[in-house]
Amino acid sequence: MHSWREMAKLLELVGRPKTLGFQADMAHTLLYTLGYNAPGDAFLPPNYDWKDQGVLDAGSPKADLGVAPLDD
């Protein structure tokens, strides 16, 4: 569960989109965004300046696409 990307892969491998899902609380969402446990999957660059909202906004859609519900 260290990486949003690996969690999405696991859900795809299980192949049960109607019965198995994934939900992250805000703390884990922030860890995923920062790449704290998986630097290669970070949405924000190292030493991100929290005053730069544009970079944060640009990274957010990536998270949504990576963990979006699977189609029927």
Side-chain angles (χ1 to χ4, degrees):
M1 291 181 49
H2 287 85
S3 162
W4 67 269
R5 188 181 316 269
E6 293 303 316
M7 286 300 299
K9 285 181 189 176
L10 178 63
L11 290 174
E12 288 177 11
L13 289 171
V14 171
R16 295 177 58 194
K18 293 185 183 281
T19 58
L20 187 64
F22 174 72
Q23 180 176 346
D25 57 31
M26 289 306 294
H28 283 92
T29 301
L30 182 59
L31 291 175
Y32 289 152
T33 301
L34 295 171
Y36 187 79
N37 293 308
D41 291 336
F43 299 121
L44 298 176
N47 303 314
Y48 168 69
D49 180 0
W50 286 97
K51 295 176 187 171
D52 189 353
Q53 184 69 34
V55 174
L56 181 61
D57 291 344
S60 296
K62 293 179 188 174
D64 295 340
L65 293 174
V67 295
L70 299 173
D71 292 333
D72 290 321

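Computed from heavy atoms alone, side chains included, the values below leave out hydrogens, waters and symmetry copies.
Applying the salt bridge (charged side-chain N to carboxylate O under 4.0 Å, His left out) test to every pair with at least one member in residues 27-51, sequence neighbours left out, gives these pairs: R5-D41.
For the residue pair A42 and L34, the shortest heavy atom distance occurs at CB-O, 3.5 Å.
If you take NE2 on H28 and CG on N37, they are separated by 8.0 Å, rounding to the nearest 0.5 Å. Note that the CH2 atom of W50 and the CG atom of L56 stand 6.0 Å from one another [nearest 0.5 Å].
A continuous path of ILVMFWY side-chain contacts below 4.5 Å connects V14 to W4, so both sit in one hydrophobic cluster. Linking ILVMFWY side-chain heavy atoms closer than 4.5 Å, directly or via other members, places Y36 and Y48 in two distinct hydrophobic clusters. No continuous path of hydrophobic side-chain contacts links M7 to L31 [ILVMFWY only; heavy atoms under 4.5 Å].
A salt bridge does not link E12 with K9: none of the charged nitrogens is closer than 4.0 Å to a carboxylate oxygen.
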